[in-house]
Amino acid sequence: MTTAVGTNWAGNLAYSATEIARPTSVEALADVLRGASRVRALGTRHSFNRIADTHSTLVSVSALPSVADIFADQRLVRVSAGTRYGDLAAELQAAGWALPNLASLPHISVAGAVATGTHGSGDRVPSLAASVARVEFVTPDGDLHSLKRGDADFEGAVVSLGALGVMVAIDLDIVPSFEIAQTVFEGLPWDGVLADLDAVTALGYSTSMFTTWRDADVVDQLWMKARVDAGGTVPDEVLGARPAPEDRHPLPGVSAVNCTPQQGSAGPWLDRLPHFRMGFQPSNGEELQSEYLVPRRFAVEALGTLRSLAGRISPLLQVCEVRTVASDGLWLSSSYETDAVGLHFTWLPDQPGVEAFLPDLEAALAPFDARPHWGKLFVGRDVGRLYPRWSDFAALRERFDPRGVLRNDWMAELGL
């Protein structure tokens with residue numbers, strides 16, 4: 001079955017594919033792959049570049065049979081690749097289980113988030129992909145492959161950019177359910193934050209800082225998420241900043257109705273770790289996004305560089321978020337073998353203006369080995385040098401897809 005192609009979530013990109021296939025079985029998916037000249041997998045369309053685009057066939061796995069099988073003895077859940085994190089989280093919570101972390105949006109699909117190295121925030125919490133224990137995917141020759149943690153190719157096949165095959169099922173690590181208390185502090189001084197960044201980001205199980213860069217001396221908001229079962233406490237103030245008197249949205253002046261509960265009230269992990277509620281559209285889509293992850297050792301210098309560029313950033317910006325990610329061993333993860341700090345930009349929907357500025361921003365961050373998020377807007381293509389296993393991944397891609405069926409223009413520009 002095929003449907004109209006359309007645009008990505010933000011509407012800044014119209015897909016150039018001629019059709020979308022929505023197979024209802026793994027066998028039907030294999031037929032699509034064997035019969036197409038070019039194929040790319042399409043998730044929940046929350047990418048801002050052409051990573052998922054192709055001139056031929058897009059394939060969605062959202063119509064495959066839904067699976068959410070919990071193996072409590074192994075602390076694993078097996079899910080169908082098109083499952084959205086918010087839907088999975090609800091099933092896990094009902095059974096007394098949890099995922100270690102979630103992204104800011106629970107609306108995204110497991111396969112899409114994993115394949116692009118998407119993450120939440122937390123000094124000791126790695127990316128969502130690091131929770132993957134097994135991947136099952138169909139290659140362009142129609143064969144079903146399964147790789148589990150410990151297999152030779154596994155660490156190259158998780159953050160795969162959709163280059164090896166189309167994922168159909170994923171095993172994820174789970175933990176016993178836990179509660180989070182979320183508090184938003186307003187008006188932190190950047191000087192104080194940068195004097196001891198580690199102390200600020202370690203305040204909660206997960207922390208995020210938001211700023212518009214309109215005032216280069218002030219962090220507008222600190223979102224602190226404390227684990228109740230770990231004895232997490234909420235301080236009265238952070239560097240002189242007090243808790244907000246009511247729930248806040250990251251964007252100034254926007255209603256917090258679609259945001260997760262704050263005010264230090266404890267609640268289940270799935271209702272506090274994301275910034276936005278599953279039942280609400282988190283945005284009207286009128287935005288662009290970029291993100292660069294720098295090794296933790298460079299974070300203070302990189303943030304200082306952003307402060308120096310505040311006057312150029314703020315006219316194009318809605319809000320900038322600073323998050324932390326623990327290291328992992330996945331070859332194309334932006335936190336591969338390094339704890340990282342993510343510098344996320346939610347831009348105004350001014351693509352010409354943003355793309356004109358990005359080369360200067362990327363040049364300013366280049367001394368800090370900044371790795372771009374694979375699903376966001378970036379313009380530099382010499383990124384292979386930032387990944388020690390880049391050539392190994394290129395060889396893996398060639399082995400699983402020798403005909404280049406899954407290769408698109410975006411990948412070719414990266415040298416894959």
Side-chain angles (χ1 to χ4, degrees), residues 1 3 20-33 39-46 52 58-103 105-118 127-140 142-151 153-154 157-160 162 164-177 268-270 273-274 278-279 330 400 406:
M1 170 176 145
T3 56
I20 299 181
R22 299 184 185 276
T24 57
S25 68
V26 173
E27 293 76 15
L29 170 62
D31 288 341
V32 170
L33 287 166
V39 174
R40 290 295 286 174
L42 184 68
T44 45
R45 303 178 183 237
H46 200 265
L58 288 173
V59 61
S60 168
V61 295
S62 60
L64 293 181
S66 178
V67 175
D69 295 331
I70 297 172
F71 303 97
D73 58 331
Q74 302 175 61
R75 292 202 171 194
L76 293 175
V77 61
R78 179 164 300 161
V79 299
S80 45
T83 302
R84 297 188 302 172
Y85 271 97
D87 296 326
L88 171 61
E91 294 201 38
L92 289 175
Q93 175 65 15
W97 293 97
L99 297 170
N101 210 347
L102 291 169
L105 300 179
H107 309 68
I108 56 179
S109 69
V110 173
V114 164
T116 56
T118 296
S127 73
L128 304 184
S131 291
V132 174
R134 186 185 74 97
V135 290
E136 191 173 272
F137 57 96
V138 179
T139 53
D143 291 339
L144 182 65
H145 290 263
S146 177
L147 292 171
K148 65 181 183 303
R149 190 178 284 145
D151 289 346
D153 297 327
F154 175 80
V158 179
V159 183
S160 65
L164 308 183
V166 177
M167 289 190 191
V168 294
I170 302 171
D171 289 3
L172 297 171
D173 298 327
I174 55 176
V175 298
S177 181
W269 60 282
L270 70 166
L273 286 177
M278 181 66 176
L330 306 175
F400 279 102
L406 296 165

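For the single chain, residues carry numbers from 1 onward in sequence order. Just the heavy atoms: all of them, side chains too, but no hydrogens, waters or symmetry mates, feed the values below.
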Item to check | Check: A169 main-chain N/O paired with R78 side-chain donor or acceptor under 3.5 Å | outcome: no
Checklist outcome for this item: Here the pair of heavy atoms bringing S109 nearest to T44 is N-OG1, 3.4 Å
Item to check | Point-to-point distance, once rounded to the nearest 0.5 Å, from OG of S62 to CZ of R84 | outcome: 10.5 Å
Checklist entry - Please walk me through it: do L172 and V132 pass side-chain contact (heavy atoms from CB on, under 4.5 Å)? => result CA-CA 5 Å; L172 297 171; V132 174; 3.7 Å; yes
Next on the checklist: side-chain contact (heavy atoms from CB on, under 4.5 Å) for L164 and T139? Distances and angles first, verdict last.
Outcome noted: CA-CA 6 Å; L164 308 183; T139 53; 5.8 Å; no
Checklist outcome for this item: To the nearest 0.5 Å, atom CD1 of I70 lies from atom CD of E91 at 7.5 Å
Item to check | Shortest non-hydrogen contact between A30 and G142, atoms and distance | outcome: CB-O, 3.6 Å
Checklist entry - If every non-hydrogen atom of S60 is compared with every non-hydrogen atom of R22, which pair is closest and at what distance? => result OG-NH1, 3.3 Å
Item to check | Side chains of P23 and V59 in contact at under 4.5 Å (non-hydrogen atoms) | outcome: yes
Checklist outcome for this item: Closest heavy-atom pair, Y85 versus L102, reported as atoms and distance to 0.1 Å, is CD2-CD2, 3.8 Å
Checklist entry - What pairs with R134 under side chain to side chain donor-acceptor pair (under 3.5 Å), at least two apart in sequence or on another chain? => result E136, S146, D171
Checklist entry - Among L147, I170, L29, D143, which one satisfies side chain to side chain contact (heavy atoms under 4.5 Å, CB included) with F137? => result L147
Checklist entry - Taking it one step at a time, do V79 and V67 satisfy side-chain contact (heavy atoms from CB on, under 4.5 Å)? => result CA-CA 5 Å; V79 299; V67 175; 5.8 Å; no
Checklist entry - Are any non-hydrogen side-chain atoms of P140 and L406 less than 4.5 angstrom apart? => result yes
Checklist entry - So do M167 and V135 actually touch side chain to side chain, heavy atoms under 4.5 Å? => result yes
Next on the checklist: If I compare all heavy atoms of S127 with all of G117, which pair ends up nearest, and what's the gap?
Outcome noted: CB-O, 4.2 Å
Checklist entry - Rounded to the nearest 0.5 Å, what separation is found between the CG atom of L99 and the CD1 atom of I174? => result 8.0 Å
Item to check | Inter-residue atom distance S160.OG - D153.CG, 0.5 Å rounding | outcome: 12.5 Å
Next on the checklist: Can you give me the closest heavy-atom contact between P65 and T24, atom names plus distance?
Outcome noted: CD-O, 3.4 Å
Item to check | Pair listing, salt bridge (Lys or Arg N to Asp or Glu O under 4.0 Å) test, anchored in residues 65-75, at least two apart | outcome: none
Item to check | Test applied, side chain to side chain contact (heavy atoms under 4.5 Å, CB included); reference residue, V77; option that passes from V110, D173, L92 | outcome: L92
